[in-house]
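Single-structure report; data block below.
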Number of protein chains: 2
Amino acid sequence: MATKRKYYTEEQERLAKIAKALSNPARVFILDFLAKNLDKCCYSGDMVDELPIARSTLSEHLKELKNAGLIQGEINPPYIKYCLNRENWMIARAMLDRFFDR
Amino acid sequence: MATKRKYYTEEQERLAKIAKALSNPARVFILDFLAKNLDKCCYSGDMVDELPIARSTLSEHLKELKNAGLIQGEINPPYIKYCLNRENWMIARAMLDRFFDR
DNA sequence: CCAATAGTTCGGGTTTTCCCGAAATAAAAA
DNA sequence: TTTTTATTTCGGGAAAACCCGAACTATTGG
C-alpha cells in the first residue's frame with residue numbers, strides 16, 4: 001500500500017461509529033422503542049416480543065448500543081432497565097447536525 | 001423462533017440504510033471532501049491521495065454512496081465528476097433530524 | 001434449599017464488509 | 001493506431017456482523 005500521508009480525523013471516526021450503531025434496523029427499532037417510552041425505561045423482555053430476533057441476539061444489539069454510548073442499563077436484578085443516554089444522544093445529534101448542515 | 005408479529009417499519013429500514021452508508025470513516029471522508037468542494041465537484045483521483053486505501057477500494061466506497069443516493073457521478077470520460085446529491089442529502093438530514101429530535 | 005425468571009455469554013455457522021492487486025474499459029492524446 | 005490516463009470490475013482473502021440455541025449467572029419467590 002505504501003505510506004499515505006493523511007488518515008481520518010477524530011470527528012470522522014466518531015461519526016462513523018455513531019452511524020454504525022444506527023446501521024441495523026433492529027437497533028433503530030430499539031432506540032425508537034426507548035424514545036417512545038422515555039418516562040418508564042424498558043426491560044429487554046418488553047422489546048423481544050416485538051422483534052423477529054432471538055433474545056440472545058437482542059442482548060448483543062443492546063450491548064452494541066451501550067458501547068456506542070447511546071443507551072444505558074440500570075441493573076435491578078433480575079431485570080435491567082434500559083433507557084437512552086441523554087447526554088450522548090445530544091452529542092450524536094449535534095455531530096450529525098453539523099455534518100449534514102451544508 | 002416461531003412467528004413474530006411485527007417487523008421494522010419502512011422508516012426504520014431507511015434510516016438504517018443511511019446510517020450504514022455513513023458507517024465507515026472512508027465514506028465519511030468522501031462526503032466531507034465533496035461537501036468542502038461543493039463548487040467544483042471532484043474526481044476520485046483527487047481523493048485517493050488523501051486516503052490510505054487503494055483506488056479500487058475507493059471506487060467501491062463511491063459505489064456504495066451512489067447506491068445509498070448520497071452522491072452522484074457525472075461521467076465525463078475518462079473522468080467522473082462526483083458531487084453530493086442535494087435532494088437525497090436533505091432527505092437524509094430530515095430523517096435523522098426527526099429521529100434525534102426527542 | 002429449590003425452582004422460576006430475566007438476561008448474558010458462549011460456540012459456531014452463514015453472510016457481509018473491507019481491502020487488495022490484476023485485468024478490463026473507454027476515451028483522449030500522441 | 002498505439003499509448004496513456006482515469007476509473008471500474010473481478011477474484012479472492014481476512015475480518016466483522018448477524019443470528020441462533022444451549023449453557024450459564026444471579027436473584028427472587030416458594
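Remember, it's a predicted structure, so these values are computed and weren't measured experimentally. All chains are named by letter (A, B, ...) in the order of the sequence lines, taking the proteins before the strands, and each is independently numbered beginning at 1.
Here the nucleotide nearest the side chain of K66(A), chosen from dT8(C), dC10(C), dT9(D), is dT8(C). Of the candidates dT16(C), dC20(D), dC19(D), dC20(D) carries the atom nearest the A54(A) side chain, counting heavy atoms from C-beta on. Across dA6(C), dC20(C), dT16(C), the shortest atom-to-atom separation from the side chain of T57(B) is found for dC20(C). Here the nucleotide nearest the side chain of S56(B), chosen from dC10(D), dC18(D), dC18(C), is dC10(D).
In this structure, D32(B) does not pair ionically with R27(B), as no charged nitrogen and carboxylate oxygen lie closer than 4.0 Å. A salt bridge links R98(B) with E11(B); the closest basic N to acidic carboxylate O contact falls under 4.0 Å.
Between R55(A) atom CZ and dG21(D) atom P there is a gap of 12 Å when expressed in whole angstrom units. Per the geometry, CD1 belonging to I71(B) stands 13 Å off C1' belonging to dT7(D), to the nearest Å. If you measure from atom CD1 of I80(B) to atom P of dT25(C), you get 15 Å, rounded to the nearest angstrom. For the pair L62(B) CG and dC19(C) P, the computed distance is 13 Å after rounding to whole Å. Counting to the nearest Å, the C1' atom of dT17(C) and the CG atom of L22(B) are 16 Å from each other. In this structure, Y8(A) places its OH atom 11 Å from C1' of dC19(C), rounding to the nearest Å. Rounding to whole angstrom units, CD of residue E60(B) and P of dC20(C) are separated by 10 Å. Between the P atom of dA17(D) and the CG atom of L58(A) lies a distance of 18 Å, rounded to the nearest Å.
No donor-acceptor pair closer than 3.5 Å links the side chain of E13(B) to the backbone N or O of E10(B).
In terms of phosphate contacts, Y82(A) brings a side-chain nitrogen or oxygen within less than 4.0 Å of OP1 or OP2 of dT8(C). Checking the phosphate oxygens (OP1, OP2) of dA17(D), no side-chain nitrogen or oxygen of N24(A) falls inside 4.0 Å. Phosphate contact (OP1/OP2 of dT17(C), side-chain N/O of H61(B), threshold under 4.0 Å): absent. Regarding contacts with the backbone of dT9(C), a side-chain N or O of K63(A) is found under 4.0 angstrom from either OP1 or OP2. Contact annotation: K20(B) side-chain N/O to dT16(C) OP1/OP2 distance is not under 4.0 Å.
Looking at heavy-atom distances under 4.0 Å, E64(A) makes contact with sugar-phosphate atoms alone, never a base.
Ring geometry for F100(B) versus W89(A): interplanar angle of 30 to 60°, hence tilted.
The shortest non-hydrogen separation linking D97(B) to D97(A) is OD1-OD1, 3.2 Å.
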